[in-house]
Amino acid sequence: MADKNTNIRVRFAPSPTGALHIGGGHTALFNWLWARHTGGKFILRIEDTDLVRSTKEYEQTIMDGMTWLGLDWDEGPDKGGDYGPYRQSERLDLYRKYAQQLTDEGRAYRDGEAVLFKVEPGQDISFDDMVYGRVEVMSDALKERDSDKLKDIVIIKSDGMPTYNYAVVIDDHLMAISHVIRGEDHISNTPKQILLYRALGWDVPTFAHLPMILGKDKKKLSKRHGATSVYEYRDMGYMPDSVFNFLALLGWSAGDDEIFTREKAARLFELSRVTRKPAVLDPDKMNFINQEHLKRLDPMTRLAMIRPFWEEMGLPVDKHDDTWLAEALTLMAGRGRTAKEMAEFSDYFVSFDPVKARWDGSDIAEDRKPGLRDFFAALFAVTDWTPEALEAQARKWTEERGVRMKDYAMPLRFVLTGMKVSPGIFEVAVHLGRDEVKRRLEHYGLI
RNA sequence: GGUCCCAUCGUCCAGAGGCCCAGGACACAGCCCUUUCAAGGCUGCGACGCGGGUUCGAACCCCGCUGGGACCGCCA
């Protein structure tokens with residue numbers, strides 16, 4: 001798509017009744033991708049016509065969630081634009097105006113305080129979806145449940161507020177939306193909306209529905225599937241880049257390379273290549289993608305990612321130099337799939353306290369201690385405090401005595417980290433520094 | 001119950017009639033590397049739901065069945 005199409009306008013229209021859901025994030029993401037790919041505009045519209053459930057706090061939370069994911073919008077309630085206002089609650093006069101027009105034309109009628117749109121039988125309300133292709137529907141299908149009676153469409157509720165199916169048509173048209181990209185759960189709402197577009201004499205936008213995201217049990221994602229808001233992923237230590245990457249892979253693929261940046265995804269994205277099958281969310285894949293992004297981070301950025309988790313664990317992060325901490329994490333690279341895991345697996349760099357807390361040294365038999373003391377003394381005899389020199393010394397020492405390296409490296413690992421796994425133990429020792437290693441050995445009476 | 005949609009490894013995606021006795025990724029198993037665990041390298045396991053057509057030829061087209069999903073609210 002060489003020519004930038006500035007007429008392409010898409011929107012994400014959440015209702016502020018909760019934090020940004022993973023499904024909502026997915027929808028917002030695909031709209032963003034299409035806008036950025038085509039050079040069009042991405043609009044944020046708040047659908048707050050449900051008076052009781054909508055709050056300003058949730059509105060802010062949703063915007064924060066989108067920002068966290070790296071999805072920036074061109075027009076919205078916070079930044080304005082030529083097609084505002086961008087909150088449905090501020091557009092009530094518009095909905096009333098067109099409802100009145102439809103009523104005057106005899107297309108709609110009042111029912112108490114509400115206004116209903118009359119559905120006529122025999123109308124073809126099929127449409128071409130950019131993802132699903134031709135969707136065939138007749139207006140005769142718009143029946144009441146368990147009945148053959150046609151069901152008219154409520155456009156204004158008794159409380160004076162517009163219904164979703166009506167407001168969305170008014171707004172998408174007035175905001176000059178070219179492509180309506182939304183979840184597949186809206187596919188059956190589309191024919192009703194087409195009826196409204198026609199009655200108003202407006203052009204119908206292009207529709208593109210996205211496959212649903214399902215839980216492991218193949219049911220629509222909900223609370224009981226664990227993490228459902230993007231914030232839960234943030235709090236578990238997933239990078240925004242990873243969540244973006246993972247979500248982009250649900251219903252679409254960029255080709256051979258599955259780890260990519262927002263920019264690359266935007267460049268490669270094609271609506272016509274979106275899948276139709278509902279996608280099951282796979283936490284394993286999410287972990288893998290996060291680990292890959294964590295590995296690719298530059299040291300200081302990685303530190304910024306891990307730091308809050310160390311702080312949350314109550315570790316004295318400020319006592320250390322940032323560069324030194326970042327280097328410790330470089331040693332950890334590839335270990336830990338989330339920032340939280342990485343923070344937990346590397347706590348011994350920040351403080352000796354967690355080491356003492358989880359290992360008291362009692363599982364080292366007394367008769368082994370003399371040998372270990374000899375070994376550690378040999379290590380401290382090394383003047384060149386580098387991983388290579390220490391390892392060479394350790395190897396020499398163990399070979400001369402015909403003993404196994406692991407029988408001495410493992411105790412050292414426990415002394416320094418309190419864990420049975422860690423990066424190369426000589427690298428850990430060197431990074432901690434001679435004095436700190438000595439201090440930890442002394443604590444366990446091994447030097 | 002009605003309407004609409006979907007149907008390739010356990011999962012996510014490739015595949016747009018011959019290039020497919022189906023390819024990649026995650027997960028899983030094994031091997032290598034190794035002081036541990038990861039990472040990395042290699043190997044393996046594993047799918048076109050079923051039945052009819054159409055065609056010289058079908059994972060790809062058509063029909064039926066089965067299975068799954070979504071919707072049927074004065075919620076969005």
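Scope of the values below: all heavy atoms of this structure, side chains included, with no hydrogens, waters or symmetry mates. Every chain is numbered from 1 and lettered A, B, ... according to where its sequence line falls, protein lines coming before strand lines.
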Report task. Sort out the partner of U34(B) for me: Watson-Crick or G-U wobble, both distances under 3.5 Å, none otherwise. Result -> none

**Report entry** Spacing of the P atoms in A22(B) and A27(B) (rounded, Å)
**Finding:** 24 Å

Query - Proximity of Trp397(A) and Tyr408(A) rings by center, below 6.0 Å - result: yes

Query raised in the report: Can a salt bridge be assigned to the pair Glu263(A) and Arg267(A) using a cut-off of 4.0 Å between side-chain N and carboxylate O?
Result: no

Query raised in the report: For Thr398(A), which contact category applies under a 4.0 Å heavy-atom criterion: base, sugar-phosphate, or nothing?
Result: nothing

Query - Per-nucleotide protein contact string for nucleotides 7-17 of chain B, where B marks a base within reach and S marks sugar-phosphate only (heavy atoms under 4.0 Å, - for neither) - result: SS--SBSSS--

Report summary line: Closest heavy-atom pair, His179(A) versus Leu271(A), reported as atoms and distance to 0.1 Å, is CD2-CD1, 4.4 Å

Query raised in the report: Can you name the residues that form a ring pair (Phe, Tyr, Trp, His ring centres under 6.0 Å) with Phe127(A), not counting sequence neighbours?
Result: Phe207(A)

Query raised in the report: Which whole number of Å gives the distance between the C1' atom of C63(B) and that of G23(B)?
Result: 30 Å

**Report entry** Pairing residues for Thr49(A) by the side-chain hydrogen bond (donor to acceptor under 3.5 Å, both in side chains) criterion, not counting sequence neighbours
**Finding:** none

**Report entry** Pairwise salt bridge (Lys or Arg N to Asp or Glu O under 4.0 Å) hits with a residue in residues 120-129 of chain A, at least two apart
**Finding:** Asp128(A)-Arg134(A)

Requested in this report: Using distance alone, with no hydrogens and no angle criterion, decide if Tyr238(A) and Asn287(A) have a side-chain donor and acceptor under 3.5 Å apart.
Outcome: yes

Report summary line: Heavy-atom contacts, protein to nucleotides 29-42 of chain B, under 4.0 Å, summarised as B (base), S (sugar-phosphate only) or - (none) per nt, yield ------BBBBSS--

Query raised in the report: Using the P atom in both, what is the distance from C28(B) to A38(B), to the nearest Å?
Result: 10 Å

**Report entry** Span that lies between the P atom of C60(B) and that of U54(B), in whole angstrom
**Finding:** 15 Å

Query raised in the report: If you take all heavy atoms of Leu92(A) and Pro162(A), which pair is closest and at what distance?
Result: CD1-CD, 4.1 Å

Query raised in the report: Given C75(B), is OP1 or OP2 found less than 4.0 Å from the side-chain N or O atoms of Ser15(A)?
Result: no

Report task. Can you measure from CG (Leu315(A)) to OG (Ser351(A)) and round to the nearest 0.5 angstrom? Result -> 6.0 Å

Query raised in the report: Would one find a side-chain N or O of Lys157(A) under 4.0 angstrom from OP1 or OP2 of C75(B)?
Result: yes

Query raised in the report: Would you say Lys192(A) reaches C71(B)'s phosphate, i.e. side-chain N/O to OP1/OP2 under 4.0 Å?
Result: no

Requested in this report: Considering only atom P, compute the distance from C62(B) to A16(B) and round it to an integer number of Å.
Outcome: 16 Å

Report summary line: By nearest-nucleotide position on RNA chain B, the 5'-leaning member of Arg337(A) and Asp48(A) is Arg337(A)

Query raised in the report: G17(B) and G53(B): how far apart are their C1' atoms, nearest whole angstrom?
Result: 15 Å

Query raised in the report: Would you say the side-chain atoms of Asp48(A) pair up with the backbone N or O of Gln88(A), donor to acceptor, closer than 3.5 Å?
Result: yes

Query raised in the report: With both distances under 3.5 angstrom, what nucleotide forms a Watson-Crick or G-U wobble pair with C9(B)?
Result: none

**Report entry** U43(B) and C26(B), which share atom name P, separated by this distance in whole Å
**Finding:** 14 Å

Query raised in the report: Under 6.0 Å between the ring centres of Trp359(A) and Tyr444(A)?
Result: yes

Query raised in the report: Applying a 3.5 Å limit to both distances, which nucleotide forms a Watson-Crick or G-U wobble pair with C65(B)?
Result: G49(B)

Query raised in the report: Looking only at N and O atoms, is any donor in the side chain of Ser188(A) or the base of C71(B) less than 3.5 Å from an acceptor on the other one?
Result: no

Query - Side chain of Ala141(A) - closest among U3(B), C75(B), G1(B) - result: U3(B)

Report task. Please determine, for A29(B), whether a Watson-Crick or G-U wobble partner exists with both distances under 3.5 Å, and give it or none. Result -> U43(B)

Query raised in the report: What interatomic distance, in whole Å, is found between C1' of G15(B) and the corresponding atom of G24(B)?
Result: 11 Å

Report summary line: Mate of C74(B) across any strand shown (Watson-Crick or G-U wobble, both atom pairs under 3.5 Å) is none

Query raised in the report: Do Arg45(A) and Asp172(A) meet the salt-bridge criterion of a basic N to acidic O distance under 4.0 Å?
Result: yes

Report task. Spell out protein contact along nucleotides 61-67 of chain B as letters: B when the base is contacted, S when just the sugar-phosphate is, - when no protein heavy atom is under 4.0 Å; keep the 5' to 3' order. Result -> -------

Query raised in the report: Can we say Asp241(A) and Arg296(A) salt-bridge, meaning some charged N sits less than 4.0 Å from an Asp/Glu carboxylate O?
Result: no

Query raised in the report: Do Arg91(A) side-chain atoms and Pro85(A) backbone N/O form a donor-acceptor pair below 3.5 Å?
Result: yes

Query - Lys151(A) side chain near C72(B) phosphate (N/O to OP1/OP2, under 4.0 Å) - result: no

**Report entry** Pairing partner (Watson-Crick or G-U wobble, both distances under 3.5 angstrom) of A22(B)
**Finding:** none

Report task. Looking at every strand, decide which applies to His186(A) at a 4.0 Å heavy-atom threshold: base, sugar-phosphate, or nothing. Result -> base

Report summary line: Using Watson-Crick geometry (N1-N3 plus N6-O4 or O6-N4) or G-U wobble (N1-O2, O6-N3), each under 3.5 Å, A59(B) is paired with none

Report summary line: Quick note, Met212(A) side chain, CB onward, closest among G69(B), C5(B), C72(B) is G69(B)

Requested in this report: Identify whether any heavy atom of Glu144(A) sits under 4.0 Å from a base atom; if not, whether one sits that close to sugar-phosphate; answer base, sugar-phosphate or nothing.
Outcome: nothing

